[in-house]
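First up is the structure itself, then whatever we jot down about it.
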Amino acid sequence: MRNRRPFRAIKGVRDILPPESEQWNRVEQVAREVFATYGFGEIRLPIFESTELFARSVGSETDIVSKEMYTFADAGADEESRETQISLRPEATASVCRAYIEHGMHTWPGDVKLYYIGPMFRRERPQKGRYRQFYQIGAEVLGQSDTPGLDAEVIEMLLVFFRRVGLDTPLGEVRTKAAEDRRNDSSSASAAPPHLRPVTLFINSIGCPACRPSYVEQLRNALETVRDQLGPDSQRRIQTNPLRVLDSKLDSEQAVIETLPRITDHLCAACREHYVRLQEQLELRGIPFVENWRLVRGLDYYTRTTFEVTAPGLGAQNAVCGGGRYDGLIELLGGPRNVKGIGFAIGTDRLLLSLQDRAQPKGPSGKAAQARLDAFLVWMGSAEYPAAVRLARLLRAAGRRVELPHDALKLRRALELADKLGARFAVLIGEEEIASGKFTVKHLSTGEQTQCVEADLIRHIQAAAQN
RNA sequence: GUGAGCGUAGCUCAGCGGUAGAGCAUCGGACUGUGGCUCCGAGGGUCGAGGGUUCGAAUCCCUUCGCUCACCCCA
């Protein structure tokens with residue numbers, strides 16, 4: 001603490017340090033594997049885009065665009081250019097759509113399935129599970145198809161991922177005839193114990209340009225009649241965005257909101273049909289869901305299907321994933337007509353929070369627990385150092401994790417360090433070892449010590465690492 | 001943008017008017033080629049910052065900054 005004002009991370013951003021960063025890599029790796037089995041390929045996107053892209057797609061009246069984006073003028077750009085205003089991406093669906101159009105992906109065979117992994121930026125007040133730089137794992141399907149089976153498969157993939165990564169995710173088997181018969185045979189239905197607090201899937205349909213406007217008008221009228229029972233935020237939204245009133249959390253507004261007209265009662269025939277069939281498709285896949293007519297996503301581009309997954313252990317911000325269908329977005333951004341889209345975004349920070357919330361105090365803890373060292377090389381004098389360097393290179397080439405101190409340490413000190421770093425073996429390289437050509441290998445948890453030549457030593461350490 | 005709680009050593013915290021402490025961690029010693037245990041010792045703080053009250057402030061008051069949680073909104 002020498003400096004008067006040491007540098008600190010900017011508000012709302014944070015470092016993810018080694019033991020935890022391994023979990024992040026694991027989670028992201030599972031996503032890659034699961035998504036690949038569903039035919040998705042990774043798209044790597046720019047961190048910033050034209051501000052206009054987000055204004056058009058997410059919606060210029062949304063909170064995200066109107067007050068949460070990190071926007072700046074690109075210094076080198078032409079004053080007249082539309083590209084002058086740049087924003088750090090607050091979400092990635094807009095970028096995926098831009099890339100889809102830019103690269104003519106509508107000519108690709110079949111549906112275009114893409115996933116992305118990376119940071120997003122929103123200038124909000126930080127709180128538990130919410131950061132100004134946060135991370136998302138997202139997936140999008142773009143193409144001609146808008147069949148509910150596709151929506152259901154995207155949700156299935158999401159839940160398979162959650163389960164693989166270790167969240168308690170209720171996910172039954174696919175309901176074939178044979179599966180139904182088996183189910184009926186077993187007398188006791190195996191309901192999940194309530195204390196497990198599994199993730200919950202909420203679904204809704206928010207209609208399409210054919211039916212939503214008239215519903216919004218009805219809702220607005222209904223809201224006007226109860227205006228005096230609403231708080232200032234909700235009163236303001238009666239004009240700006242009546243749908244947003246629905247997901248208010250104010251206790252004082254809950255009773256009134258329950259009396260409002262519900263969009264699911266005002267869908268057009270096509271949207272109604274789509275929503276009903278979505279539910280059938282979810283049931284077919286053994287996916288439990290909860291209808292939530294108040295689930296209104298905050299982005300303008302959504303149509304029909306919207307969904308959200310909440311997980312335990314997260315505080316007030318308990319949504320780990322949000323998603324939905326956005327059938328008009330590609331065209332809105334100047335792309336080809338009739339390209340439909342559906343996708344989701346998982347909040348990685350929140351996912352990790354929920355995983356860490358599960359009690360899991362097994363095994364060694366601390367720095368030593370994660371990346372376990374296979375060997376700590378102990379050399380006694382500068383004459384033995386070259387032999388240690390050579391051995392380190394050989395062991396590492398074999399894939400072992402090796403620590404080689406580069407300053408002379410007393411033996412006592414070296415073994416103590418090896419122990420603290422959680423090494424499995426200490427290899428002693430001193431005068432005796434050089435003279436005999438045999439290294440001394442000490443197994444640190446048992447204290448057993450043996451002597452062996454280089455080839456045997458490597459085999460020995462390899463073998464122990466395989467279990 | 002609004003509200004509440006909290007800021008003392010690297011970490012977790014005690015002290016709450018009399019001039020800075022503990023545990024853990026780090027480093028050294030007891031212990032010259034044998035770690036985990038024990039014992040001894042050391043380093044490390046403008047008690048978040050600024051102002052006020054007082055003979056005297058880490059302690060009381062005000063302001064400010066930071067962190068956390070919540071509202072808002074979203075992942």
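Taking 4.5 Å as the limit, some side-chain heavy atom of A/Leu230 sits within range of a side-chain heavy atom of A/Leu223. Within the 4.5 Å cutoff, side-chain heavy atoms of A/Asp146 are placed close to those of A/Arg325. Side-chain contact between A/Asn292 and A/Ile203 is absent, with no heavy-atom pair separated by less than 4.5 Å. Between A/Arg212 and A/Ile263, the closest side-chain pair of non-hydrogen atoms falls below 4.5 Å. Residues A/Gln136 and A/Tyr116 form a side-chain contact, since some pair of their non-hydrogen atoms from C-beta on lies under 4.5 Å apart. Side-chain contact between A/Leu219 and A/Leu243 is present, with at least one heavy-atom pair separated by less than 4.5 Å.
Summarising the geometry, the separation between CD on A/Glu416 and C1' on B/rA25 is reported as 12 Å, rounded to the nearest angstrom. One interatomic measurement links the two molecules: CG of A/Asn318 to C1' of B/rA70, which rounds to 14 Å at whole-angstrom precision. In this structure, the CG atom of A/Leu415 is 5 Å from the C1' atom of B/rG35, given to the nearest Å. One interatomic measurement links the two molecules: CG of A/Leu230 to C1' of B/rC72, which rounds to 16 Å at whole-angstrom precision. Distance CZ (A/Phe307) to C1' (B/rA75): 12 Å, rounded to an integer number of Å. Counting to the nearest Å, the C1' atom of B/rC72 and the CZ atom of A/Arg132 are 14 Å from each other. Note: CG (A/Leu444) to C1' (B/rC37) measures 16 Å, nearest angstrom. Look at CG on A/Asp63: it is 15 Å from P on B/rC71, rounded to the nearest Å.
Between the CZ atom in A/Phe289 and the CG atom in A/Leu201 there is a gap of 8.0 Å [rounded to 0.5 Å]. Distance check, rounded to the nearest 0.5 Å: CD1 of A/Ile330 to SG of A/Cys97 gives 3.5 Å.
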Could you list the protein-to-nucleotides 65-69 of chain B atom pairs, N/O on both sides, closer than 3.5 Å?
residue, atom, partner, partner atom, Å
B/rC67, OP2, A/Lys11, NZ, 2.9
B/rC69, OP2, A/Lys128, N, 3.2

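Counting atom types as modelled, A/Gln449 pairs no side-chain N or O with a base atom of B/rG33 as donor and acceptor under 3.5 Å. For A/Asp419 and B/rG36, a side-chain-to-base donor-acceptor distance below 3.5 Å is absent, hydrogens and geometry of angles not being considered. Put simply, the side chain of A/Glu124 and the base of B/rA75 share a donor and an acceptor less than 3.5 Å apart.
Nearest heavy atom pair, residue A/Pro242 against residue A/Gln239, reads CD-O, 4.3 Å.
Taking atom C1' in both B/rC16 and B/rG7, one finds a spacing of 15 Å when rounded to whole Å. Spacing of P atoms, B/rC40 relative to B/rU63, comes out at 48 Å, to the nearest Å. When the C1' atom is compared between B/rA20 and B/rA14, the two are found 11 Å apart, to the nearest whole Å. Comparing B/rA9 with B/rA25, their C1' atoms are spaced 11 Å from each other, to the whole Å. Remark: the separation of the P atoms in B/rC69 and B/rU12 is 14 Å, to the nearest Å. Separation of the C1' atoms belonging to B/rU8 and B/rA49 is 14 Å when rounded to the nearest angstrom. Comparing B/rC71 with B/rC11, their C1' atoms sit 32 Å apart, to the nearest whole Å. Rounded to the nearest Å, the gap between the P atom of B/rC47 and that of B/rC60 is 16 Å.
Checking A/Glu448 against A/Tyr302, the closest nucleotide of RNA chain B that is more toward the 5' end is the one next to A/Glu448. In this structure, A/Arg297 and A/Glu431 both approach RNA chain B, and ranking their closest nucleotides by distance from the 5' end singles out A/Glu431.
A ring-ring contact (aromatic ring centres under 6.0 Å, His included) with A/Tyr326 is found for one member of A/Tyr100, A/Tyr301, A/Phe344 and no other, namely A/Tyr301. Partner of A/Phe376 under the side chain to side chain contact (heavy atoms under 4.5 Å, CB included) criterion, out of A/Leu404, A/Leu415, A/Asp419, A/Leu417: A/Leu417 alone.
For the pair A/Arg412 and B/rU34, the criterion of a side-chain N or O lying under 4.0 Å from OP1 or OP2 is not met.
Both key distances under 3.5 Å define a Watson-Crick or G-U pair, and stretches of 3 or more such consecutive pairs in RNA chain B run B:1-7 with B:65-71, B:10-13 with B:21-24, B:26-30 with B:38-42, B:48-52 with B:60-64.
The listed nucleotides are B/rG33, B/rC71, B/rU26; the one nearest the side chain of A/Met380 is B/rG33. Across B/rC72, B/rA75, B/rU34, the shortest atom-to-atom separation from the side chain of A/Asp233 is found for B/rC72. Of the candidate nucleotides B/rC27, B/rA75, B/rU34, B/rA75 has the atom nearest to the side chain of A/Ala319. Which of B/rG33, B/rC27, B/rU34 sits closest to the side chain of A/Lys420 comes down to B/rC27. Side chain of A/Lys410, nearest nucleotide from B/rU34, B/rA75, B/rG33: B/rG33.
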**OP:** Would you sort out whether A/Phe439 and A/Glu454 count as a side-chain contact (heavy atoms from CB on, under 4.5 Å), showing the intermediate values?
**Re:** CA-CA 7 Å; A/Phe439 297 104; A/Glu454 184 178 275; 4.0 Å; yes
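Using a 4.0 Å heavy-atom criterion, one finds that A/Ile137 contacts no nucleic acid atom at all.
B/rA75 has its base stacked against the ring of A/Phe134, the centroids being under 5.5 angstrom apart at an interplanar angle below 30°.
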